[in-house]
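Below, chain A is the first sequence line, B the second, and so on; all start at residue 1.
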Amino acid sequence: MEFESRVKKAIKAIPRGQVATYSQIASLAGDYKAARQVARVLHASSDKDRLPWHRVINSRGGISLPRGRGFEQQRRLLKREGVAVEASGRIDLNVYLWEPAPAPSRAAREFVRRLMGED
DNA sequence: CCTATGACAGACA
DNA sequence: GTGTCTGCCATAG
């Protein structure tokens, strides 16, 4: 249940107005090959989890839910927060894909420290 | 131990 | 662009 909770945490971290892919979430949860598990978690999750599930899309930049079984709702929720979704369900990843800020590397911290002239 | 499931992804024709 | 095939692996039963 460790992996599953990390998946949920990662999904909750997706900012409003942006999207993340299944495999992206899997990677953040610690297993880059576990995209299908992310799908499984979402499929099984009930609304009490309060997950921004609609911000998770597939690697082709599309809504994976079939029409009539969630597609329309996901599209509506995304549009509501400013994400442009084509009628086909496609979303421009170059615009909306979430790029989590990486933790600064040691080298980066060192660089800043020197810039600021701390000793 | 099995087998089945899953809102996936990448490679290929 | 489509369609097919294969690998993937945590869970549930």
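Contact footprint of chain A on DNA chain B: nucleotides with an atom under 4.0 Å from a non-hydrogen protein atom, first to last in 5' to 3' order, B:dG6 to B:dG10.
The shortest distance between side-chain heavy atoms of A:Leu93 and A:Val19 falls below 4.5 Å. In this structure, A:Ile57 and A:Gln74 have side chains that are in contact, with non-hydrogen atoms separated by less than 4.5 Å. You'll find the side chain of A:Arg50 stays beyond 4.5 Å of the side chain of A:Lys12, heavy atoms only.
A donor-acceptor pair is defined here as one N or O able to donate and one able to accept, closer than 3.5 Å; no such pair exists between the side chain of A:Arg75 and the backbone of A:Ser88. Side chain of A:Arg90 to backbone of A:Arg60: a donor-acceptor contact under 3.5 angstrom is found.
Of all non-hydrogen atoms in A:Ala20 and A:Ile14, the two that sit nearest each other are CB-CD1, 3.7 Å. The two atoms that bring A:Val56 and A:Thr21 nearest to each other are CG1-C, 4.3 Å, heavy atoms only. The shortest heavy-atom contact between A:Ala26 and A:Ala35 is CB-N, 3.7 Å. For the residue pair A:Gly89 and A:Phe71, the shortest heavy atom distance occurs at CA-CZ, 3.6 Å. Minimum interatomic distance between A:Asn58 and A:Ser64 (heavy atoms only, all atoms of both residues): ND2-OG, 2.9 Å. Minimum interatomic distance between A:Ile25 and A:Ile11 (heavy atoms only, all atoms of both residues): CG2-CG1, 3.9 Å.
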Please write out each protein N/O paired with an N/O of nucleotides 3-8 of chain C under 3.5 Å, distance rounded to 0.1 Å.
| residue | atom | partner | partner atom | Å |
| --- | --- | --- | --- | --- |
| C:dG7 | O6 | A:Arg36 | NH1 | 3.3 |

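Base pairing in DNA chain B gives the following stems of 3 or more Watson-Crick or G-U pairs, range against range and under 3.5 Å: B:2-6 with C:9-13, B:8-13 with C:2-7.
For the segment residues 72-96 of chain A, the set of residues with a heavy atom within less than 4.0 Å of an atom of DNA chain B is empty.
Sequence neighbours left out, the pairs with a member in residues 95-110 of chain A that pass side chain to side chain donor-acceptor pair (under 3.5 Å) are A:Glu110-A:Arg113, A:Glu110-A:Arg114.
Under the side chain to side chain donor-acceptor pair (under 3.5 Å) criterion, A:Glu81 pairs with A:His54, A:Arg55, not counting sequence neighbours.
Distance CG (A:Leu42) to P (C:dT11): 14 Å, rounded to an integer number of Å. At whole-Å resolution of the value, NE2 in A:His43 and C1' in C:dA10 are 15 Å apart.
Taking the P atom of each, B:dC12 and C:dC8 are spaced 15 Å apart, rounded to whole Å.
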